[in-house]
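A quick note: this is a predicted structure, and the numbers were derived from the prediction, not measured. Atom set for the values below is all heavy atoms of this structure, side chains included, hydrogens, waters and symmetry mates excluded.
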Amino acid sequence: MRRGALLPRGFYARPADVVARDLLGCVVEVDGPDGLVAVRVVETEAYAGEDDPASHAWRGRTPRSGVMFGPPGHTYVYFSYGMHWALNLVCEPEGRAAAVLLRAGEVVEGVELAASRRRPGTAMPRLASGPANLAACLGLDAASNGLDVTTTASRVRVRRGSTTRDDDVRVGPRIGISRAVDVPWRFRIVGDAHVSGAGRLNS
DNA sequence: TGCATGATGTTCT
DNA sequence: GAACATCATGCAC
């Protein structure tokens, strides 16, 4: 498979909502002990750090949210609800705590490996549909927090993928949060079967 | 087909 | 001690 170039750090050093939009169609790849899994991003959410009540960084820097205050182009992997991991990419220049949550994707490489990391019987459209599922497919955990995604030397990398036309991007309110619920910072590719909640809500 | 609910641990009040 | 950027299951309709 032909691969795009790694996204430069400057790509991430922009407002989170812009990065979230441009991340659609890009490919996240992760090396693991068992091989490589790559996912094409189809759904993202922007979190604008200290200005955003829904962000983990809203109340300032904490041990958990510390990575978000660091340089852009790094992973922010956090554990929530006692059982799920979620993958974010740090945005905006160092000192500004913004991030983009990767909500859903399509597994484009290492499908069998990704499936083996999920509950038996889970198959394609659902494989990486949802933040926790996406992280599970990629085999992410606490050891994957704070990694640089702009260098080939890293276990976790992000490549430029197919460009997504504005016509194919749908913007809507974020999901699964209780504050700032009406801020339209959720981006997804229209009609893509891999987005989260595809069967439940369709707005 | 769709909603309500339980599992489970880290973080912050 | 409560909240939480969730998911899968089970039961109702």
Side-chain angles (χ1 to χ4, degrees), chain A residues 12 15-21 23-24 28 39 41-70 72 74-92 96-107 114-146 149 156 158 170-188 193-203:
Chain A
Y12 304 96
D17 53 328
V18 178
V19 177
R21 152 71 181 87
L23 230 30
L24 293 177
V28 180
V39 165
V41 177
V42 301
E43 183 175 356
T44 60
E45 278 179 8
Y47 286 89
E50 291 168 292
D51 298 330
D52 183 0
S55 169
H56 287 164
W58 181 45
R59 272 183 279 265
R61 186 175 196 139
T62 67
R64 176 170 67 163
S65 64
V67 209
M68 277 197 281
F69 289 84
H74 286 244
T75 57
Y76 166 44
V77 177
Y78 72 90
F79 195 57
S80 99
Y81 292 96
M83 54 180 77
H84 299 303
W85 295 97
L87 171 62
N88 299 249
L89 296 174
V90 178
C91 300
E92 303 203 4
R96 305 268 297 280
V100 172
L101 169 65
L102 271 40
R103 288 198 57 90
E106 169 190 5
V107 180
S116 73
R117 289 169 174 162
R118 305 275 280 105
R119 191 155 291 215
T122 311
M124 244 329 264
R126 279 286 162 89
L127 213 46
S129 167
N133 294 335
L134 181 80
C137 283
L138 295 174
L140 299 172
D141 56 21
S144 313
N145 192 27
V149 299
V156 183
V158 182
R170 175 77 36 104
V171 184
R174 293 174 292 185
I175 290 183
I177 56 176
S178 53
R179 301 169 185 278
V181 175
D182 46 354
V183 181
W185 273 352
R186 174 169 173 248
F187 301 84
R188 52 192 165 143
H194 309 276
V195 299
S196 65
R200 294 189 283 219
L201 28 112
N202 222 347
S203 54

**Prompt:** Got a sec, which pairs hit salt bridge (charged side-chain N to carboxylate O under 4.0 Å, His left out) with one end in residues 54-70 of chain A, sequence neighbours left out?
**Reply:** none
**Prompt:** For DNA chain B, what residues of residues 59-70 of chain A have any heavy atom nearer than 4.0 Å?
**Reply:** A:Arg59, A:Thr62, A:Pro63, A:Arg64
**Prompt:** Which range-with-range stems can be found for DNA chain C when each stem has 3 or more Watson-Crick or G-U pairs in a row and both distances sit under 3.5 Å?
**Reply:** B:1-7 with C:6-12, B:9-12 with C:1-4
**Message:** As a test of reading the structure: which of C:dA8, C:dA5, C:dT6 is closest to the side chain of A:Tyr76, going by heavy atoms?
**Reply:** C:dA5
**Complete:** Sequence neighbours excluded, the answer for side-chain hydrogen bond (donor to acceptor under 3.5 Å, both in side chains) partners of A:Thr62 is A:Ser65
**Asked** Of the nucleotides C:dA8, C:dC4, C:dT6, which has the atom closest to the A:Arg118 side chain?
**Response** C:dA8
**Complete:** With sequence neighbours left out, the residues meeting side chain to side chain contact (heavy atoms under 4.5 Å, CB included) with A:Glu50 are A:Phe69
**Asked** Sequence neighbours excluded, which residues qualify as salt bridge (Lys or Arg N to Asp or Glu O under 4.0 Å) partners of A:Asp52?
**Response** A:Arg174
**Request:** May I ask you to list the residues of residues 77-89 of chain A, by number, that have any heavy atom positioned under 4.0 Å from an atom of DNA chain C?
**Result:** A:Tyr78, A:Tyr81, A:His84, A:Asn88
**Message:** Just to verify, what does A:Arg179 make a side-chain hydrogen bond (donor to acceptor under 3.5 Å, both in side chains) with, not counting sequence neighbours?
**Reply:** none
**Asked** In chain order, what residues pass the side chain to side chain contact (heavy atoms under 4.5 Å, CB included) check against A:Pro184, with sequence neighbours excluded?
**Response** A:Val171
Side chains of residues 79-90 of chain A: which donor-acceptor pairs under 3.5 Å do they make with residues two or more places apart or in other chains?
residue, atom, partner, partner atom, Å
A:Asn88, ND2, A:Tyr76, O, 3.2

**Message:** Tell me every residue that passes side-chain hydrogen bond (donor to acceptor under 3.5 Å, both in side chains) with A:Asn145, counting only those two or more places apart in sequence or in another chain.
**Reply:** none
**Asked** Looking at residues at least two apart in the chain, or sitting in another chain, which of them share a salt bridge (Lys or Arg N to Asp or Glu O under 4.0 Å) with A:Arg21?
**Response** A:Asp166
